[in-house]
Amino acid sequence: MLVVDDEKTLSDLLAMALRYEGWEVQTANDGMSALRAAREFGPDAVVLDVMLPDMTGLEVLARLRDTQPNVPVLFLTAKDAVEDRVAGLTAGGDDYVTKPFSLEEVVARLRGLVRRTATVATTSESELRVGDLTLDEDSHEVSRDGEPITLTATEFELLRYLMRNPKRVLSKAQILDRVWNYDFGGQANVVELYISYLRKKIDSGRSPMIHTMRGAGYVLKPAE
């Protein structure tokens with residue numbers, strides 16, 4: 001784990017809790033140190049504060065995604081406004097917790113992220129295909145009509161769930177339970193956010209495959 005927070009007391013506390021859980025941990029207190037540590041350390045997941053002294057956590061994430069596109073990122077934020085959470089997730093973050101938080105919550109969220117990424121990486125099934133949309137579970141490659149599409153680990157897991165259930169309406173509760181693997185504190189709007197993010201990557205400029213069924217949920221089916 002890589003823990004990035006400019007409050008050294010907090011980063012040290014998180015590191016201690018994560019080491020207790022059996023993870024190897026490195027810490028960084030600013031953006032440049034975080035990027036350098038990520039390159040050298042190659043973490044399985046990153047805990048990233050939104051507010052850092054030299055750049056924002058969103059900027060760190062953007063640079064991180066250039067070299068490690070699939071590493072899951074858990075944002076820490078002192079801001080509780082919906083737009084701040086949305087900004088972090090649409091920037092490519094996989095989850096967030098709002099300060100103040102419990103160490104148990106952070107550990108649970110990280111376990112979920114790592115489990116999700118490991119599931120994607122080790123699944124023995126290979127290719128899912130719905131219409132002209134293809135997802136390879138072994139190589140983590142996604143394409144539509146032959147055009148490659150880059151997804152984060154959480155986006156990949158959401159799309160995989162939709163593609164494993166083509167033409168089936170899936171409720172927000174079902175999606176939360178299957179993709180996030182824990183109670184998201186009633187934040188069902190995170191499903192709307194990720195559906196919209198997938199649409200931008202999957203459906204933009206094409207006949208739509210992801211459809212909203214008002215009052216019921218979402219369905220993925222071949223484009224007409």
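Numbering of residues begins at 1 and proceeds along the displayed sequence. Just so it is clear, the structure is predicted and the values come from calculations on it, not from any experiment.
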*Asks:* Checking side chain to side chain contact (heavy atoms under 4.5 Å, CB included) for the pair M16/L103: CA distance, chi angles, key distance, verdict?
*Replies:* CA-CA 10 Å; M16 182 178 65; L103 294 174; over 6 Å; no
*Asks:* Is the backbone N or O of M209 less than 3.5 Å from a side-chain atom of R199, with the two atoms forming a donor-acceptor pair by type?
*Replies:*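 No: the side chain of R199 does not pair with the backbone of M209.
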*Asks:* Does the side chain of L133 come within less than 4.5 Å of L128's, by heavy atoms?
*Replies:*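 No - every pair of side-chain heavy atoms lies 4.5 Å or more apart.
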*Asks:* Taking atom CG of L220 and atom CD1 of I195, what is their separation to the nearest 0.5 Å?
*Replies:* 8.5 Å
*Asks:* How close do Y161 and N165 get, counting heavy atoms only, and between which atoms?
*Replies:* O-ND2, 2.8 Å
*Asks:* Can you tell me how far the NZ atom of K167 sits from the CG atom of L162, to the nearest 0.5 Å?
*Replies:*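 With rounding to 0.5 Å, NZ (K167) is 15.0 Å from CG (L162).
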*Asks:* Side-chain contact test, heavy atoms from C-beta onward, threshold under 4.5 Å: evaluate it for V107 versus Y20 and give yes or no.
*Replies:* no
*Asks:* Do the charged groups of R109 and E105 touch, with an N to O distance under 4.0 Å?
*Replies:*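 Looking at R109 and E105, the cut-off is met.
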*Asks:* Can M1 be reached from L13 by stepping across I, L, V, M, F, W or Y side chains whose heavy atoms are under 4.5 Å apart?
*Replies:* yes
*Asks:* When rounded to the nearest 0.5 angstrom, what distance separates NZ in K201 from CG in L159?
*Replies:*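 It is 10.5 Å, given to the nearest 0.5 Å.
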*Asks:* Testing the basics here: between K99 and D5, what is the closest heavy-atom pair and its distance to 0.1 Å?
*Replies:* NZ-OD2, 3.1 Å
*Asks:* Can you find a pair of side-chain heavy atoms, one from L198 and one from L151, that are under 4.5 Å apart?
*Replies:* yes
*Asks:* Could you go through the side chain to side chain contact (heavy atoms under 4.5 Å, CB included) check for V4 and D49 one step at a time?
*Replies:* CA-CA 6 Å; V4 186; D49 190 18; 5.7 Å; no
*Asks:* Determine whether V219 and M163 fall in the same hydrophobic cluster, where Ile, Leu, Val, Met, Phe, Trp and Tyr are linked whenever their side-chain heavy atoms lie under 4.5 Å apart.
*Replies:*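 No.
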*Asks:* Give me the atom names and distance for the closest heavy-atom approach of L158 to V179.
*Replies:* CA-CG2, 3.9 Å
*Asks:* Looking only at heavy atoms, which two atoms of T27 and A15 are closest? And how far apart?
*Replies:*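 Heavy atoms of T27 and A15 come nearest at CG2-CB, 3.7 Å.
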*Asks:* Evaluate I149 against E155 for side chain to side chain contact (heavy atoms under 4.5 Å, CB included), listing each step before the verdict.
*Replies:* CA-CA 11 Å; I149 298 169; E155 293 164 356; over 6 Å; no
*Asks:* So E7 and M51, do their side chains get closer than 4.5 Å, heavy atoms only?
*Replies:*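 M51 does not reach E7 side chain to side chain.
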*Asks:* Going from OH on Y194 to OG1 on T154, what distance comes out if it is rounded to the nearest 0.5 angstrom?
*Replies:* 4.5 Å
*Asks:* Below 4.5 Å, heavy atoms only, C-beta onward: do V97 and L76 meet side chain to side chain?
*Replies:*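 A side-chain contact under 4.5 Å exists here.
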*Asks:* Say whether, by atom type as modelled, one donor and one acceptor occur between the side chain of D136 and the main chain of E141 under 3.5 angstrom.
*Replies:*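 Here the side-chain-to-backbone pair does not exist.
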*Asks:* If I take atom CG from residue L2 and atom CZ from residue F41, how far apart are they, to the nearest 0.5 angstrom?
*Replies:*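 Separation between the atoms: 7.0 Å.
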*Asks:* Pick out which of R206, E147, R144 makes a side-chain contact (heavy atoms from CB on, under 4.5 Å) with D132.
*Replies:*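 Output: one option passes, namely R144.
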*Asks:* Looking only at heavy atoms, which two atoms of N29 and S11 are closest? And how far apart?
*Replies:* ND2-OG, 3.4 Å
*Asks:* Could you tell me whether R160 and E157 make a salt bridge, using a distance below 4.0 angstrom between a side-chain N and a carboxylate O?
*Replies:* yes
*Asks:* Transitively linked via ILVMFWY side-chain contacts under 4.5 Å: L176 with V169?
*Replies:* no
*Asks:* Check step by step if side chain to side chain contact (heavy atoms under 4.5 Å, CB included) holds for E192 and K172.
*Replies:* CA-CA 8 Å; E192 299 173 19; K172 290 181 182 178; 2.3 Å; yes
*Asks:* With a 4.5 Å heavy-atom cut-off, do L193 and N189 have their side chains touching?
*Replies:*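 They are not in contact (no side-chain heavy atoms under 4.5 Å apart), so the answer is no.
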*Asks:* Which pair of heavy atoms, one from M55 and one from E59, lies closest together, and at what distance?
*Replies:* CB-OE1, 3.1 Å
*Asks:* Drop me the distance from D30's CG to D6's CG, to the nearest 0.5 angstrom.
*Replies:* 9.0 Å
*Asks:* If you count heavy atoms of other groups shown closer than 6.0 angstrom to CD of E24, is the number above 12?
*Replies:*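 Counting neighbours around CD of E24, 12 or fewer heavy atoms of other residues, nucleotides or ligands fall under 6.0 Å, so no.
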